[in-house]
A.B. asks: 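Mind having a look at this structure? Questions to follow.
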Amino acid sequence: MVKRARKISAKTSERARSEVRKSLEALAARDDRSADFDYFMDLYGAVQTPEAVSERTGRPVVSLLCIQAPIELIHAAGFHPHKVVSGSQAMANMALQGLPALTCPMLRAVTGAAAAASDGTPGTRRWVLPTTCDWVVKFPEMLESSGAGSIRPSLHWMELPHLKDGDSGQARWLEEVFGLKKFLEGCGGKISRASLDASIRIYRDAWRALTRLAMMRQEGRIAAVWFALIAGAFFLDSPERWTKAALSVNPPPGGARSDERAHVFLAGSPIFFPNFKLLDLLEDSGVSIAADDLCSGERIFPGGVTYRDSSEFGMMSALAQRYHQGCLCPTFIDNDRRINNILSRRMASDFQGVVFHVLKGCHPYDLESLSVEAPLKERGLKFLRLETDYAAEDSQNLRTRIEAFRGTLSRR
Amino acid sequence: MAFKVGLDLGSTAIKAVIVDGDRVAWQGTRATAPGQEAVAEGLLDEGLSALGARRGEISGIASTGYGKKLYASADRHIDEITSNAAGAFILSGGSARTVINVGGQDLKILTLDDSGGVVDFKMNDKCAAGTGRFFELAARILDTPLGDFAKLCLDSEEEVEINSTCVVFAESEMVSLLARGVKKEDIIRALHCSVARRVSGLAGRLSPDGRVYLDGGPAQNGGLASALEDELMTEINVLEAPQFTVAYGAAMSLGA
Amino acid sequence: MTVRNLRGIVQHAGFIVMMYGGRFGLHLGSAVPCFACPFVPGCGGFCYLMGLQGYIGFGMGAAVASGMGLVTALGWFAVFAASVALLGKLWCGWICPFGLIQDWLSALRRHLGVRERSIPYPVMRRLAWVKYVLLAGIAIIPPLVTAGILHEDFYLPFCGICPGKSLLPLFAGETRYLALNYDNLVTLGFSVALIAITGAMLVGMFLKDRFFCIFCPLLAFIHMLKPVTALRLAKTPDTCVGCGNCRRACPMEIEAVYRERASSDVQSDECLDCAACVEACPSDFALALKFLKVKLFRSSRNYAAGIGGNSKKNELSR
Amino acid sequence: MARRTLLFFICVALLMQFTEDELRAADGMDFLRWRMTEQARTSDGGMVVSFDLSIPPGANPEDIEVTYRALPQGNIGAETGGSAPETYRKKLGDTRPEGDGTVADVTVYSGRSELIELTAASRAGDARQYALTVFSCFGESGNEDPDAERTNYYPNRPAFRVATGQYYFRAQTGMPIEFSLDSGPDSVSVFEKGIFTSTAERDASGNYVYVPPHDDELSEAGYTAKKDVVFAASMPDGDLISFYVPVYRSFYGKIDLKGGLAVLSGSMLVSAALAMRAGRRFPWR
């Protein structure tokens, strides 16, 4: 029985690697490709096991699923925060045996990858999991039921209060952040005011680089696919190297700028390499992305942490607030300011419509796409809800919807 | 005479319309089969021979539907939402404001402005519930031709419930209902109600203001329109050739 | 040059003008809307709180009130109202020398890494009335002194307990107001109260940003002129994503800006128009310091991320 | 603090006792002298300063000449800018008997911030007597004294100049009063509150220096209370010049910086303790 399982995982890993290769080749074949992007493409090509990542970044790895765990704190403790993501359809199918059909594709892919990489024994990987949505909460069980071994021995839960506004939620989250600090120190990390301050500055520079890239995409100087590639590679290498490479990205002459493209805001579930299907479809149908609030795009982390009280407690509470109040994840109860981000981005860049991408099985985004539609339409924005998963077969259905949506957007 | 040809390569059937000016000269359909281009060519030749016309007299061919790119020699590929809107608008004499299209594999609800342009639209998700597929399955299981569905539906007396979440389950439900001796007419009526519920679910808050038109293949059987009326609580008009509005719209959008 | 650096320069310039202006023959008159303390030898103008308690304010006698005296007093009030109408709370956030002293103390605390004693916002709201009571005292006590009901040494009662009178003259070498004054019980009482309050304020200002401004009657008086003030902090509520940066960046820890979802006016009474919130806000156009309709400085995503402003390394933390 | 004040009262009482007998012999300031009674702001923003002029029995009120002029005075006199001071002649107000002499009421109006030198001259028998005083004024009306008329006559009395108060002349207890008098005697006698207390000698630079002692009454009364100090100089040629100075409570006399700093540090310690305890809002350390 074990031999068959190992054969399946070997075949799946091979299929997943070919997916990555195909995606990278497609990107390499684009006409607006430039040498600046090579660093990021090599990152994707490399092996993503914790050992490989920690050897590349020179720091032990702490694996995350959601961005509410303050990565500056993890970095300050001497670890490398590594958000484990995957867009691989092969891995998603691999995990299918142990999981319900309608699981969130992203977590199914991550579970599949973990199952393919493990031999069933409990891993030594350190996980920090904020309890954002149900899938994350069920993730350890998903791993166990799909034969990827248990992660509970080195797993730290962070109870995410789902009410952002209000003192009790914020106080409890601050306790959780201090709890994370204790966990990291338990794993041998040392956190001081200086190391916290240094990490906060490092990630603020990363945020500066990301905002610069977002601005370049907004002005159409780089294509949405390249932005997604760079943003997606954020956790694959040390933040300093990523920032240096991102800052040195200069748009190739000519760029993807073409005026008659319609501009939209891409919202909803995250899009991860190698599955850039939606981004390619949008680009083919003459729709360019002016801004997005995907947690794989402009929201890979909530942004530069500003604080006035530079004591250790001051910085810790600034981190806690920034990652809790500042997060626009739909799993929060009071997330009604979410559309404000779209309206605010619209002040600086004129997009006419919002494409709301929902991964089939992601219920929070599914529901939020309905509640968000009316207010956005009231403010004169067109709205298209696209539900899809990692399968490539439905691209024809999506293309029809996108082209029709393109028709309703007025040409600039 | 200059003819304009509109080809709708749908998921279940290929429809062809030959238009003279804005009058429908000929319309015909064939089931979708692999090698859609050849099937479309054959359908087109059938139409031309029926009109006694030659290929030369065709001023333009527009293709639409899922397979629009498969028909390579078309002058223009138009997405089916735009052509559906154009067709319904013209055929309804410019009064259509909301168009409900029940296709073979999808369900579309379009909102039009006063000039027939698409203001907003909704399409169903990755699920065939509430589409034409429902009726085809029922026809096969109840071995009754789609044509009589409208009549049979009218003389149903009893209220029966078929779920509207999944077309595959609906099939097994119908078999179990038949086994329990439920009359065919009641099952067909339940089927219409289930599709109607599905459509109104999609319509959601899209208030069907102005005149509502139903088109697409399944619209041919009147039962669906009446089921929709008591579900959406508004008057539903059905165009006289609902299956061909999309193809007709494609042809008309070829311009003069 | 970020707004923060610009504000630093303006603050230090304001300090020099208000504290040493008199030595260069500069005198801004008796109605300066910030702590240009008259007890500082060579000061550049007189803080209007003294005028309000003195002979151009509530301290003027009945004889003077009947004639030219009243005209002079209203004249000085017009000067005060005009300067507040023009610059509004900039007088507090950008010019007041006592504000700068508090900012120095906070910078020292930050440098030493001492944790800030933040006051929870409900408590801050409950402390908001203190400055209005002090303002009422300024209006009630001087007439009693002029009428002879109160002992003469109750003249300028607020100056009697104002930490500005004890701390600001130190910058001109005058230590008199840090000394006990045995002249009589009234002067002794005032000097003990002044020194005790100064001690408390020094600790408060070290442990919490702009601690004194919570209780400052001049801030209260300037805020009362809000209807005629041209300079205002405005918010576009539906572009605010509620990230809380404005609350963390605010020296007065104001939550009204963060909580506001409906109106565009977020100029609350503790706000000093220091524009720290506008700098920290990552949403474009969400916050703006406006002069009538003109946006002097608006929040921008790039500025908050450090791309805006030509300073290459944008220090967001202070 | 209480101990120090008690001690002070005891020695003052002794002093008074002692001086009482010695003075009784030579009391009776029977010479021409000024006494400031009141300063008031007028409704037009100017200042009115009223004086009592004590006239000795020998002199006749009619032939008393009262003149005053505004002296340029540091930054306060900036507006006059050092132009030649205007001289004004003033008539005596109503008079009333006092003891065996008479007292006349004189008021001076000032519209500007200036230092005013007031002089009264009278002839008692063949000896002339002059009464002088100098005071600061803060008028804001800019008007002239309504019932004074400009004159270029000025009594040819010996030159007199006040050395202290270059910016602002306000004598205080504990602070030296210095003035010079051309060809004046070696020492002048000093009368405090009408009683002869001591003499002031002429120092090396030719100025008479006198330091009025602190006075608890003044401290108690408030910052506008004053005590009258009169210097009487009998000139070699028989003339007598009196110089009146209102002396106010000392600005620096009764302050205790060390005590102040003690209170300051005490209050800082208490506040720090309170702040630390109040700050324990969040248990995590």
Side-chain angles (χ1 to χ4, degrees), chain A residues 164-165 167 170 192-194 197 200-201 204-212 214-215 218 291 293 298 302-318 320-328 332 334-349 375 379, chain C residues 106-107 109-118 120-122 207-210 236-253 255 258-259 261 276-277 279-287 298-308 312-318:
Chain A
K164 294 192 273 193
D165 216 347
D167 295 343
Q170 284 154 24
S192 70
R193 194 166 77 87
D197 190 54
I200 287 178
R201 285 176 202 281
R204 189 183 302 136
D205 274 352
W207 180 252
R208 194 155 54 91
L210 187 73
T211 309
R212 175 175 167 273
M215 210 165 58
Q218 173 185 312
D293 66 6
E298 286 187 27
V305 177
T306 69
Y307 54 86
R308 198 167 33 76
D309 171 9
S310 58
S311 65
E312 188 184 307
F313 174 80
M315 282 192 263
M316 290 291 280
S317 54
Q321 285 167 20
R322 187 71 178 109
Y323 277 81
H324 185 226
Q325 281 175 309
C327 183
L328 296 177
F332 285 109
D334 50 354
N335 200 29
D336 49 352
R337 295 210 222 201
R338 175 214 200 318
I339 67 162
N340 292 359
N341 178 45
I342 300 174
L343 301 176
S344 151
R345 297 290 280 121
R346 189 183 182 193
M347 307 279 267
S349 65
R379 287 183 172 73
Chain C
S106 315
R109 180 196 71 240
R110 271 192 283 282
H111 180 68
L112 300 175
V114 173
R115 171 179 159 194
E116 180 185 28
R117 281 294 168 278
S118 75
Y121 195 59
L207 288 178
K208 181 180 175 335
D209 281 21
R210 288 292 180 123
T236 315
D238 62 6
T239 58
C240 159
V241 294
C243 67
N245 275 5
C246 56
R247 182 168 61 167
R248 275 191 302 285
C250 175
M252 305 295 282
E253 293 183 288
E255 292 198 354
Y258 159 71
R259 289 201 186 290
R261 289 176 187 242
C277 55
E279 284 185 276
C281 174
S283 304
D284 290 305
F285 295 98
L287 286 176
R298 64 140 174 113
S299 61
S300 109
R301 183 186 167 77
N302 298 341
Y303 183 95
I307 298 173
K312 202 178 148 330
K313 193 109 186 46
N314 182 331
E315 288 315 311
L316 284 190
S317 77
R318 251 79 67 96

A.B. asks: Under 4.5 Å between any side-chain heavy atoms of A:Glu298 and C:Arg301, yes or no?
C.D. replies: yes
A.B. asks: Can you tell which part of A:Arg338 gets under 4.5 Å to a heavy atom of chain C, answering side chain, backbone, both or neither?
C.D. replies: neither
A.B. asks: Shortest non-hydrogen contact from A:Gly304 to C:Asn245?
C.D. replies: O-ND2, 4.4 Å
A.B. asks: Under the side chain to side chain donor-acceptor pair (under 3.5 Å) test, which residues partner A:Lys164, sequence neighbours left out?
C.D. replies: A:Asn335
A.B. asks: Minimum heavy-atom separation for C:Cys243 and A:Arg322, please, with both atom names.
C.D. replies: CB-NH1, 3.3 Å
A.B. asks: I'd like to know if the side chain of C:Arg248 and the backbone of A:Thr306 have a donor-acceptor N/O pair within less than 3.5 Å.
C.D. replies: yes
A.B. asks: Under the rule for side chain to side chain contact (heavy atoms under 4.5 Å, CB included), what residues qualify as partners of A:Ala209, not counting sequence neighbours?
C.D. replies: A:Trp242, A:Thr243, A:Ala246, A:Leu247
A.B. asks: List the atom of C:Arg115, the atom of A:Phe313, and the distance in Å for their closest heavy-atom pair.
C.D. replies: NE-CD2, 3.3 Å
A.B. asks: Under 4.5 Å from any heavy atom of chain C, what part of A:Met347 do you find: side chain, backbone, both or neither?
C.D. replies: both
A.B. asks: Restricting to non-hydrogen atoms, name the atom on C:Ser283 and the atom on A:Ser344 that form the minimum distance, rounded to 0.1 Å.
C.D. replies: CB-OG, 3.4 Å
A.B. asks: Do side-chain atoms of A:Asp309 reach the backbone of C:Glu116 as a donor and acceptor pair under 3.5 angstrom?
C.D. replies: yes
A.B. asks: About how many Å separate CZ of A:Arg308 and CD of C:Glu253, when rounded to the nearest 0.5 Å?
C.D. replies: 5.0 Å
A.B. asks: For a quick test of reading the model, state the closest non-hydrogen atom pair linking A:Arg379 to C:Asp238 and the distance between them.
C.D. replies: NE-OD2, 3.6 Å
A.B. asks: Answer with side chain, backbone, both or neither: which region of C:Tyr258 has an atom nearer than 4.5 Å to a non-hydrogen atom of chain A?
C.D. replies: both
